[in-house]
Amino acid sequence: MSENISDLITNSTTAPELQSIAKKVQAAERLTVEEGVLLFEKGELGFLGVLANLVRERKNKQFVYFNRNFHIEPTNICVFDCKFCSYSKLLRDKMDAWEMTEEDILEKVRSYKDIPITEVHIVGGVHPKMGLHYFAGLIKRIKEIRPELHVKAFTAVELEYMCRKAKVSYKEGLQILKDSGQDSLPGGGAEIFDEQVRKEICADKCDTKTWLEIHETAHELGMPSNATILYGHVETYAHRIDHMERLRTLQDKTGGFNTFIPLKFRNGDNQMSHIPEVSIVEDLKNYAVSRIFMDNFNHLKAYWPMIGRDTAQLSLSYGVDDMDGTIDDSTKIYSMAGAEEQSPAMSTKELVDLIKRAGRHPIERGTLYDVVTDYNDYIFEDEAAMLHP
Ligand code: V47
Ligand code: SF4
């Protein structure tokens, strides 16, 4: 792999249209949709890696971020029927469904009492009986137990349903949740924005326009959010770039997105199980093109429980600067779909070592990329105390 972007530009074996893209990236100019598609179609992995690395380094130097967090999934019962989801099967079969009570959830929060986590990520199925006011009360009580905890909760899909049922506008609904202590939104439910593909894979849930409107409204209210893409199923490269372009446009307007998170489609036990999963090379290409194309997103996250820690470590050479967190094993949406990590918990030391072995500088961040601890020269004296339960 060539180490240097100038080599790529002058190398006669690089196709002229790719040389011109490399020049634009070198000059920090924005790529067009056509150029984004061309990168996917014609860019070899080595070429994409050099470009993505340049963009990553400009934005994040050698820092790699992670977060000490835990997940709460209140239920896997869902009124929707996304074809890629391993939950919807459970709803139809009425088997293995779970519903946490409010007390179960609060007990889980209390169980982290002496552990220095900074974020809780609450996301789950869309339950017909768990509504806006229930969740507003729940968040209030979580904050009573742990006021400093950042609450990142509810995808736009959950929010659309909650607001519709409570007969309030998105602005009113989000304001109620914000006033109760919700700090930000996760990036789920975006899938693929192309309307045709959406009809094919998740016809009955919140449409593209609504997903974007909810995130725009949240940003206007001072609630930042993340954005995801679900790739590697029936979509084309043009669909992926169209998705990124719609996010890039909204980010220009609001600046409210923290990070972009590509999610690889896993085919375990869902209605799209006949579709083969894409290769690791394709995963790395997707990270690299995302990093090059999404010029106004500061961060690119590899969700390691889904792709596994080895691929996540490799992704650091293809534009990724964020490894997400020390997540405990309650993220069943992934383990049930065939994720690499069946029991996704990493201690802080393991994460730090993994980042250092990639030659990078590990930083524990808060949700908003504030520096919590710089781990570059950190000595783990009491390793047991740093272990996640
Ligand atoms: O929207 C569901 C995905 C998402 C499958 O914001 C699947 O920090 C792959 O968005 N194969 C929800 N993916 C999770 C999510 C998320 C995850 C981590 C961090 C953040 C964040 C957000 O999970 C869904 C869907 O795209 N998903 N089923 C599957 N079979
Ligand atoms: Fe429900 Fe979310 Fe699964 Fe779709 S992806 S069926 S909205 S839990």
Side-chain angles (χ1 to χ4, degrees), residues 65-67 69-71 73-92 97-98 119-128 130 150-162 183-193 197-198 201-207 211 215 218 224-233 235 243 257-273 275 277-278 283 299-307 312 322-325 327 330-341 344 365 367-369:
Y65 298 94
F66 66 94
N67 182 221
N69 61 354
F70 70 103
H71 279 219
E73 285 181 280
T75 182
N76 65 344
I77 293 177
C78 187
V79 299
F80 296 122
D81 187 23
C82 304
K83 304 280 176 272
F84 51 80
C85 179
S86 310
Y87 275 13
S88 48
K89 170 183 156 288
L90 293 173
L91 178 61
R92 275 199 313 280
W98 75 80
E119 176 189 285
V120 57
H121 180 171
I122 309 174
V123 71
V126 179
H127 192 293
M130 292 181 184
H150 182 108
V151 176
K152 180 175 80 180
F154 313 126
T155 65
V157 174
E158 294 166 276
L159 291 163
E160 183 279 330
Y161 187 80
M162 274 182 221
D183 299 290
S184 68
L185 276 56
E191 323 310 358
I192 287 283
F193 288 146
V197 175
R198 222 173 161 80
I201 65 170
C202 54
D204 58 353
K205 76 177 179 190
C206 154
D207 63 13
W211 192 99
H215 281 256
S225 69
N226 292 335
T228 56
I229 181 172
L230 180 71
Y231 71 94
H233 43 90
E235 89 291 358
H243 187 94
F257 288 114
N258 279 329
T259 183
F260 184 54
I261 314 162
L263 297 172
K264 175 196 183 109
F265 164 67
R266 305 304 306 241
N267 66 7
D269 216 12
N270 56 51
Q271 296 171 71
M272 285 163 58
S273 290
I275 298 175
E277 291 176 3
V278 297
D283 295 329
H299 301 285
L300 181 66
K301 189 195 281 193
Y303 190 63
W304 65 262
M306 181 58 95
I307 54 167
D322 186 351
M323 301 273 299
D324 207 349
I327 305 155
S330 55
T331 52
K332 297 192 181 65
I333 193 163
Y334 311 109
S335 49
M336 289 160 76
E340 292 303 316
E341 306 275 344
R365 62 165 175 85
T367 309
L368 307 179
Y369 291 85

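In listed order, ligands and their atoms are each counted from 1.
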Going from [atom1] on [X] to [atom2] on [Y], what distance comes out if it is rounded to the nearest 0.5 angstrom?
X      : Y      : atom1 : atom2 : value
Thr155 : Lys205 : OG1   : NZ    : 7.0 Å
Glu235 : Phe193 : CD    : CZ    : 13.5 Å
Met130 : Phe154 : CE    : CZ    : 10.0 Å

Identify, by atom number and element, the atoms of ligand 1 in contact range of [X], meaning under 4.0 Å from any of its heavy atoms.
X      : answer
Asn270 : 30 (N)
Phe265 : 9 (C), 11 (N)
Pro186 : 6 (O)
Ile261 : 6 (O), 8 (O), 20 (C), 21 (C)
His121 : 19 (C), 20 (C), 21 (C), 22 (C)
Gly188 : 1 (O), 10 (O), 15 (C)
Met306 : 9 (C), 11 (N), 13 (N)
Asn226 : 6 (O), 8 (O), 21 (C)

Is there a nitrogen or oxygen of Lys152 sitting under 3.5 Å from a nitrogen or oxygen of ligand 1?
->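 So ligand 1 has an N or O lying under 3.5 Å from an N or O of Lys152.
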Please confirm if an N, O or S atom belonging to Cys78, backbone or side chain, lies less than 2.8 Å from atom 1 (Fe) of ligand 2.
-> yes
With a 4.0 Å cut-off on heavy atoms, does Met272 reach ligand 1?
->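 It does not, in that no heavy atom of Met272 comes within the 4.0 Å cut-off of ligand 1.
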Give a yes/no verdict on whether any heavy atom in Ser86 is under 4.0 Å from an atom of ligand 1.
->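 Ser86: no contact with ligand 1 (<4.0 Å).
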Between His299 and Tyr369, how do the two ring planes meet: parallel, tilted or perpendicular, split at 30° and 60°?
-> parallel
Which of parallel (below 30°), tilted (30 to 60°) and perpendicular (above 60°) describes Phe257 and Trp211?
->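 Judged by the thresholds at 30° and 60°, the geometry between Phe257 and Trp211 is parallel.
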Between the side chains of Ser225 and His215, does any donor sit under 3.5 Å from an acceptor?
-> yes
Report, in ascending order of atom number, the atoms of ligand 2 lying under 4.0 Å from any heavy atom of Cys85.
-> 3 (Fe), 5 (S), 6 (S)
Which atoms of ligand 2 are found less than 4.0 Å from any heavy atom of Phe84?
->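 Those qualifying, in numeric order: 5 (S).
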Could you check Asp322, Thr228, Asp324 and say which one makes a side chain to side chain donor-acceptor pair (under 3.5 Å) with Lys301?
-> Asp324
Between Thr155, Leu263, Asn267, which one has a non-hydrogen atom sitting closest to atom 4 (C) of ligand 1?
->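 Shortest heavy-atom distance from atom 4 (C) of ligand 1: Leu263.
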Counting only heavy atoms, which portion of Lys264 has something under 4.0 Å from ligand 1: side chain, backbone, both, or neither?
->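 Just the backbone.
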What part of Tyr303 sits under 4.0 Å from ligand 1 if we count only heavy atoms: the side chain, the backbone, both or neither?
-> side chain
Taking 2.8 Å as the cut-off, does an N/O/S atom of Cys82 lie below it from atom 3 (Fe) of ligand 2?
-> no
Please check if the side chain of Thr75 supplies one atom and the backbone of Trp98 the other of a donor-acceptor pair under 3.5 Å.
->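 Here the side-chain-to-backbone pair exists.
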